Amino acid sequence: MKKVLIVFGTRPEAIKMCPLVKEFKAHPDSFETIVCVTGQHRSMLDQVLKVFGVVPDYDLDIMRTQQDLFDITSNVLLGFKKIIIEEKPDIVLVHGDTTTSFAAALAAFYLHVEVGHVEAGLRTYNLQSPWPEEFNRQAVDIVSDYLFAPTEVAKQNLISEGKNPDKIFVTGNTGIDALRTTVRDDYKSELTDWAEGSRLILITAHRRENLGEPMHNMFRAIRRVMEEYVDTKAIYPIHMNPQVREAAHTELDGFDRLRLIEPLNVVDFHNLMARSYLILTDSGGIQEEAPSLGKPVLVMRDTTERPEGVEAGTLKLVGTDEKSVYAAFKELLDSSTTYNSMAHASNPYGDGFSSRYVVNYVSKAYRS
Ligand code: UD1
Ligand code: UDP
């Protein structure tokens, strides 16, 4: 029996790690599965735990309003150290590129515990974009003993950095496992009723490097375009970050075809994605989900670590300039050729059973 300690702290990590928690827990003869949440996010994390019915064994509960990277890093490092010492796991599993993942992986490394990185190998090779995530994921990969890469592209990144190919496993992305369980044909809600008969635009934004002027630019562009196209309606579940909320309310309040709402639970959000006409976002996870659903995404960033979606044609990088967001959004509404070239389903991220592959690889690693 091996002890697996799974740690995560934010909404997207939870969406991608809960399916893995469930898969490990489905093998109680082989694994004792312990779940620690750092609480880097609070209500946005709790929403996901509730949907998946995952009850953590530990909750570091670190979130503070306007927390900075020092707060998150030091609180996770010291808090998670205690959990590792108490639980003595055989392996710690972290996800992606958050500061929770970085600090938790570092704690495991300092205590000589093996680390497995789920969603390893994503890269922009630009440490400023996304910031600080590019640093976080590269740092986690340095200390990881097992690298679960979602795609061949990610695997090749790791190989080109000199990582041991025997420790790299291509699994797909566990986010697609989640998506497989949430989208329903018969989904209906007050929001879908409200949007009925219009082209539904879905908006999210939160990246640290976009806070301030870039975010104001993006929102101004979106509003200008929507004012011109009366057949559009938009739903924007605003991230809980007070700086994001301030920018969103400043630029988008008082426009009745655009609804600013609280973060949606993942079932509602995935189903709204499935019913949307197009998506404007700076999110990472949404870039992975949208190709499966065949939804065009204008990515309001200068770089992406998800080239698979750009290659597939569903994602377009449009930066954060008011002019470029305005032009790209307008073109997608105007031109059926552009729209149709983006709106086709393709899924570079696996068959929705990625968690199973991660568990199989961990099992094998401990048998050999
Ligand atoms: C974090 C991750 C980012 C990830 C994003 C997903 C880092 C450095 N950043 O960024 O990689 O893409 O999560 O959303 O790890 N807040 C609440 N309630 C919540 C969540 C957040 O009030 O449930 C507010 C708090 O004021 C908090 C702020 O949002 O201080 C920012 O949260 P934080 O986790 O520091 O950064 P994110 O921008 O969410
Ligand atoms: N999401 C959600 N509710 C929302 C907005 C997004 O459940 O109101 C989901 C979305 O489907 C994706 C994830 O949250 O799975 C993305 O989270 P976020 O954009 O906060 O982080 P990132 O992926 O950029 O790290």
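Nothing fancy with the numbering, it's 1 onward along the sequence. Worth saying up front: this structure is predicted, and the values here are computed from it rather than measured. Read the numbers this way: they start at 1 and go in the same order the structure lists the ligands and their atoms.
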Can you report which non-hydrogen protein atom sits closest to atom 12 (O) of ligand 1, along with the distance?
His206 CE1, 2.9 Å
Ligand 2 atoms in contact with Gly284 (distance to a heavy atom under 4.0 Å):
22 (P), 23 (O), 24 (O)
Salt-bridge criterion met for Arg137 and Glu133 (N-O under 4.0 Å)
no
Do any N/O atoms on Gln67 end up under 3.5 angstrom from N/O atoms on ligand 1?
yes
Which atoms of ligand 2 have any heavy atom of His270 under 4.0 Å away?
11 (O), 15 (O)
Under 4.0 Å, counting heavy atoms only: does Gly175 come that close to any atom of ligand 2?
no
Proximity of Pro130 to ligand 1 by residue part, where a heavy atom lies under 4.0 Å:
neither
One residue to check: Ile15. Relative to ligand 2, which of side chain, backbone, both or neither has a non-hydrogen atom less than 4.0 Å away?
side chain
Per-atom contacts of ligand 1 with Ile72, taking only distances under 4.0 Å to non-hydrogen atoms:
35 (O)
Can an N or O of Thr10 be found at a distance shorter than 3.5 Å from an N or O of ligand 1?
no
Donor-acceptor pair, side chain of Asn210 and main chain of Met215, under 3.5 angstrom:
no
Any N/O of His206 closer than 3.5 Å to an N/O of ligand 2?
yes
Testing the 3.5 Å rule here: is there a donor-acceptor pair between the side chains of Tyr58 and Glu87?
yes
Could you tell me which atoms of ligand 2, counted from 1 in the order shown, lie closer than 4.0 angstrom to a heavy atom of Pro263?
8 (O)
Is any side-chain heavy atom of Leu179 closer than 4.5 Å to one of Ile176?
yes
Ligand 1 versus Pro12: contacting region, heavy-atom distance under 4.0 Å:
side chain
From the options Thr304, Thr338, Val299, select the one residue that forms a side-chain contact (heavy atoms from CB on, under 4.5 Å) with Lys316.
Thr338
I'd like to check whether Arg11 has a polar contact with ligand 1, where a contact means an N/O of the residue lying under 3.5 Å from an N/O of the ligand.
no
Looking only at protein heavy atoms, identify the closest one to atom 25 (O) of ligand 2 and say how far it is in Å.
Pro12 CG, 3.3 Å
Can you tell which part of Met63 has a heavy atom less than 4.0 Å from ligand 1: side chain, backbone, both or neither?
side chain
Lys/Arg N to Asp/Glu carboxylate O, Lys163 vs Asp145, below 4.0 Å:
no
Using distance alone, with no hydrogens and no angle criterion, decide if Tyr357 and Glu23 have a side-chain donor and acceptor under 3.5 Å apart.
no
Show your working on salt bridge (charged side-chain N to carboxylate O under 4.0 Å, His left out) between Arg306 and Glu288 and close with a plain yes or no.
CA-CA 7 Å; Arg306 277 118 175 148; Glu288 292 156 351; 2.7 Å; yes
Using a strict cut-off of 4.0 Å, indicate which atoms of ligand 1 neighbour a heavy atom of Pro132.
8 (C)
Give the single entry among His239, Glu133, Gln243, Arg208 that approaches atom 3 (C) of ligand 1 most closely by any heavy atom.
Glu133
Can you confirm whether the side chains of Asn217 and Tyr326 place a donor and an acceptor under 3.5 Å from each other?
no
Identity and separation of the nearest protein heavy atom to atom 19 (O) of ligand 2
Ser283 OG, 2.8 Å
Between Arg245 and Glu262, does any side-chain N to carboxylate O distance fall below 4.0 Å?
yes
Out of Gln40, His41, Arg245, Gln47, who gets a non-hydrogen atom closest to atom 2 (C) of ligand 1?
Gln40
Does a side-chain N-to-carboxylate-O contact under 4.0 Å join Glu119 and Lys16?
yes
With heavy-atom distances below 4.0 Å as the criterion, list the atoms of ligand 2 near Arg207.
24 (O)
Main-chain N/O of Trp194 paired with Lys233 side-chain donor or acceptor, under 3.5 Å:
yes
Assess Arg207 for proximity to ligand 1: is some non-hydrogen atom of it under 4.0 Å away?
yes
Among all protein heavy atoms in this structure, tell me which lies nearest to atom 15 (O) of ligand 2, with the distance rounded to 0.1 Å.
Glu289 OE2, 2.5 Å
Within the structure, is a non-hydrogen atom of Ser43 found at a distance of less than 4.0 Å from ligand 1?
yes
Measure the distance from atom 8 (O) of ligand 2 to every protein heavy atom, then report the residue, atom name and distance (to 0.1 Å) of the closest one.
Leu264 N, 2.9 Å
Distance-only N or O hit between ligand 2 and Gly285, under 3.5 Å:
yes
With heavy atoms only and a cut-off of under 4.0 Å, state how Gln47 meets ligand 2: side chain, backbone, both or neither.
neither
cation_pi(Arg180, Phe353) dist<6.0 Å, angle<=45
yes
Would you say Thr98 and ligand 1 have an N/O pair spaced under 3.5 Å apart?
no
Main-chain N/O of Asp68 paired to Asp71 side chain as donor or acceptor, under 3.5 Å
yes
Please state which part of Arg64 comes within less than 4.0 Å of ligand 1, counting heavy atoms only: side chain, backbone, both or neither.
backbone
I need the atoms of ligand 1 closer than 4.0 Å to a non-hydrogen atom of Leu69, numbered in the order shown.
8 (C)
Counting heavy atoms not belonging to Gln156, are there more than 12 under 6.0 Å from its CD?
yes
Taking only Lys NZ, Arg NE, NH1 and NH2, and the carboxylate oxygens of Asp or Glu, determine whether Asp231 and Arg199 approach each other closer than 4.0 Å.
yes
For ligand 1, which atoms have a heavy atom of Arg42 less than 4.0 angstrom away?
19 (C), 23 (O)
Looking only at protein heavy atoms, which one is nearest to atom 31 (C) of ligand 1, and how far off is it?
Asn241 ND2, 3.8 Å
So does Tyr110 have more than 12 non-hydrogen atoms from other groups sitting under 6.0 Å from OH?
no
Against heavy atoms of Gln66, which atoms of ligand 1 measure under 4.0 Å?
26 (O), 30 (O)
Could you verify whether a donor N or O on one side chain and an acceptor N or O on the other, from Gln40 and Thr10, lie under 3.5 Å apart?
no
For atom 20 (O) of ligand 2, grab the closest protein heavy atom and report residue, atom and distance to one decimal in Å.
Arg11 NH2, 2.8 Å
Could you give me the CA-CA distance, side-chain angles and deciding distance for Arg184 and Asp186, then say whether salt bridge (charged side-chain N to carboxylate O under 4.0 Å, His left out) is met?
CA-CA 6 Å; Arg184 294 193 307 262; Asp186 61 351; 3.7 Å; yes
Would you check whether Thr99 has a nitrogen or oxygen atom less than 3.5 angstrom from a nitrogen or oxygen atom of ligand 1?
yes
Proximal ligand 2 atoms for Val266, defined as those under 4.0 Å from one of its heavy atoms:
7 (O)
Sub-4.0 Å atoms of ligand 1 with respect to non-hydrogen atoms of Pro242
26 (O)
Touching ligand 2 at all, Glu262? Heavy atoms, strictly under 4.0 Å?
no
Apply the test salt bridge (charged side-chain N to carboxylate O under 4.0 Å, His left out) to residues Arg123 and Glu305: give CA-CA distance (whole Å), side-chain angles for both, the deciding distance (0.1 Å), then the verdict.
CA-CA 5 Å; Arg123 297 289 185 267; Glu305 56 295 278; over 6 Å; no
What's the spacing between Asp141 CG and Asn157 CG if we round to 0.5 Å?
9.5 Å
Out of all atoms in ligand 2, which are within 4.0 Å of some heavy atom of Pro237? Include the element for each.
8 (O)
